[in-house]
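Note that ligands are numbered from 1 as they come in the structure, with each ligand's atoms numbered from 1 the same way.
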Amino acid sequence: MTITRHYKNLKLVVDDSLLESIYQSSCGHYPKEYGGFLIGKYSHDFKTLHIQQSITAGIFKSSRIEFTRESGYLKCEFEKLFIHKGLYYIGEWHTHPDGEAWYSSTDLNAMISIAHEKNVKIDNPVLLILSITNNSLRDFNFFILNNNRLEIYE
Ligand SMILES: [Zn+2]
């Protein structure tokens, strides 16, 4: 099944099987947070964003309330995805174990600094937050960074 969300005149499209596999990759880290990268592409008119893959973070620090991934180390992997599949970095995802599917001030600041990273060529990165329990994906929200604010895809 395809999940569609909207922000202003932008459309975000993601398959529920990708969300399921993201959730599955994070379960083993419960009750700590876990996360990774969202990979996909925009349509030619830049109105539709297709999220197509996830890459889990290999180097990171995490606790029950925080997740920080190492920056930059996947540059080579990103280049390969672009050359072979035309896909590129779209944004980030992480879990909130037993928490809300809403961003914290730390999350906002992290997204602002990510948008300023030299090797991230995207002005409006997406943040996916998954609210998880010990045995289920409870809720999730997609946000877009716009003018240093995170706004929700509804
Ligand atoms: Zn968070």
query: Looking at F143 versus Y153, is the centre-to-centre ring distance below 6.0 Å?
result: no

- prompt: When the ring planes of F78 and F37 are compared, do they come out parallel, tilted or perpendicular, using 30° and 60° as the limits?
  reply: perpendicular

Atom CG of D45: over 12 foreign heavy atoms under 6.0 Å: yes

task: Could you tell me how the ring of H29 sits relative to the ring of Y34: parallel (under 30°), tilted (30 to 60°) or perpendicular (over 60°)?
output: parallel

- prompt: Is any side-chain heavy atom of W102 less than 4.5 Å from a side-chain heavy atom of D107?
  reply: no

task: Taking the Zn ion (ligand 1) as the centre, count the protein N/O/S atoms lying under 2.8 Å from it.
output: 4

Under 3.5 Å donor-acceptor pairs involving side-chain atoms of residues 134-141, not counting sequence neighbours:
{"residue": "N135", "atom": "OD1", "partner": "T133", "partner atom": "OG1", "Å": "3.2"}
{"residue": "S136", "atom": "OG", "partner": "T133", "partner atom": "OG1", "Å": "2.9"}
{"residue": "R138", "atom": "NE", "partner": "S131", "partner atom": "OG", "Å": "3.1"}
{"residue": "R138", "atom": "NH2", "partner": "G99", "partner atom": "O", "Å": "3.0"}
{"residue": "R138", "atom": "NH2", "partner": "S131", "partner atom": "OG", "Å": "3.3"}
{"residue": "N141", "atom": "ND2", "partner": "A101", "partner atom": "O", "Å": "2.8"}

